[in-house]
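Before any comments, here is the structure.
By convention in this document, chain letters (A, B, ...) are assigned in the order of the sequence lines, proteins followed by strands, and residues within each chain are numbered from 1.
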2 protein chains.
Amino acid sequence: MSAAFSPLPEASTADLVAQRLRDAILDGSLRPGDRLVEHDLAARFQVSRGPVREAIRLLVPDGLVVLRRNRGAIVASPTFDDVLEVYAVRMSLGSLALAQAVYVDAAAHPEFGGVLILLQRLSDPEVQADALLMMEADLLFQDALLATSGLPRITSMLDQSARDVAFFVRMLGITYDSSDHTDLIRRHERVINAVRECDPEAATEAWQAHIRHTVGEFARRYPDADIKGVFSHPLTEQLFDGPIGED
Amino acid sequence: MSAAFSPLPEASTADLVAQRLRDAILDGSLRPGDRLVEHDLAARFQVSRGPVREAIRLLVPDGLVVLRRNRGAIVASPTFDDVLEVYAVRMSLGSLALAQAVYVDAAAHPEFGGVLILLQRLSDPEVQADALLMMEADLLFQDALLATSGLPRITSMLDQSARDVAFFVRMLGITYDSSDHTDLIRRHERVINAVRECDPEAATEAWQAHIRHTVGEFARRYPDADIKGVFSHPLTEQLFDGPIGED
DNA sequence: CTACGAAGGATTGTCAACAATCAACCATGT
DNA sequence: ACATGGTTGATTGTTGACAATCCTTCGTAG
């Protein structure tokens, strides 16, 4: 039973349009606040307004666009508060997933090999050269690891939060350029090893440390001066109850 | 500035249809596995297929219906595993929200009065008489309290999980008939008091105890015999690391 | 009897035209 | 100058019809 016999994606027109729009938003072709006019998009994609309309609505739960009654859709404008909140969710639900992963013996999970492959990808110099590629590979690995928990709902929420992170990072112009890639990998290995050794406390601990580190990196690199105001946000204290940016 | 000047709901046709479908699913008119045929629904609601189609898609992220490509939508069929997972999310994110609520001084929150009113509603004999009404009032109170955290994303996720709970409870035929309503209120008061006294540890502790209790109630009342298999689920141990059904 | 293949009906996917709504603009009066 | 009221162009909301797809049933061959 090879993985070549996958479930056949075969997306609908609306899905295809939604994916195009996603790409356009994420690569900067569409900027926050830009209007999404159904008629214009339909003309561009050479389809009718129906699928375009449906595609736009598909992006709403993803947090990519905001819908205003009778006034069309615009590309969402995330703030740094959103970043903090998403990372808080990620820390919280991720801990849950990892604790569960340990219980179900994730190391014996059929897809655990794939997780290790994704981790190796982070060592690829070609990947490391591109900051965006690196971020995607990183999030992909994290999601794969968390998915070994076998909790479909929580996994999908974590996947969504990863997409949120990717979106925010691009939109806010945050450089996800870790100063030391081997450090990132070391933190990931710490999590994986804890899962392998069936030590839930160590796994969640390592995971939370990783999130704190990542948020700390963001905090240091965030170019906007408003960051001072944002960082008086109480949630920040929860994410930073260790020294900022340290492990 | 009265609350009478609210933001004007004035929902679109699709929203109205979606709400009707939601009600129909939740009150049992539509049962899990039932097909949602666009043409038929359009005829019933006296609208065209467009809004109906849109309404159906609105219910997908809510987890109420499942969409199969080119084969229409059916009402979702949740399992007890889903219940456990949703409660795990609720415990985890709820703790986060409460900790944050304490930091932002929820007791001074402008809407904290509304929370107390919702709590009082649980003492209303008329509400207590109807198990479904009681559950709705209970979840409404919980969400209002958690919303004082001022975290919009996490709050909306918790709202969604509350709707999930309501859906699952009805679908699985779980009786949400607490043997002792004063006990429920006492647990809630414990959470509220901890928030009032700005004690994050006590607040999250009380919250988690409440969730554990609720899951324990479910476990005892769940009529299906498959519960034994489900409760070997590792996640259960996390939700039950106290004595089952006790505080 | 089973496997394969071809109608047929039912249902979703897509489309282009019509109706309703909105923001902007201009005019008018105070 | 400011506020009010009407007009207009642009855009979304809605509709019914057409095309594509799927499931069922029936028929046929092995």
> Which nucleotides of nucleotides 13-19 of chain C have their base under 4.0 Å from a protein heavy atom (B), which only their sugar-phosphate (S), and which neither (-), written as one string 5' to 3'?
Replying inline: BBB-B--
> When we call it a touch if two heavy atoms are under 4.0 Å apart, what does B:I56 touch: a base, just sugar-phosphate, or nothing?
Replying inline: nothing
> Within the structure shown, what part of the strands sits under 4.0 Å from A:L67 by heavy-atom distance: base, sugar-phosphate, or nothing?
Replying inline: nothing
> Any side-chain donor-acceptor pair under 3.5 Å between B:D15 and B:Q19?
Replying inline: no
Taking the side chain from [X] and the backbone from [Y], do they hold a donor-acceptor pair closer than 3.5 Å?
X      : Y     : value
B:R170 : B:L26 : yes
B:Q160 : B:D62 : yes
B:E54  : B:A14 : no

Please report, rounded to the nearest Å, how far the [atom2] atom of [N] is from the [atom1] atom of [X].
X     : N      : atom1 : atom2 : value
B:R35 : C:dT11 : CZ    : C1'   : 7 Å
B:D15 : D:dG13 : CG    : P     : 10 Å
B:L16 : D:dG13 : CG    : C1'   : 13 Å
B:H39 : D:dT14 : NE2   : P     : 18 Å
A:D40 : D:dA10 : CG    : C1'   : 10 Å

>> As an exercise, state the distance from CG of B:L118 to NE2 of B:H188, rounded to the nearest 0.5 Å.
In response: 10.5 Å
> Do the non-hydrogen side-chain atoms of B:L41 and B:L21 ever get within less than 4.5 Å of each other?
Replying inline: yes
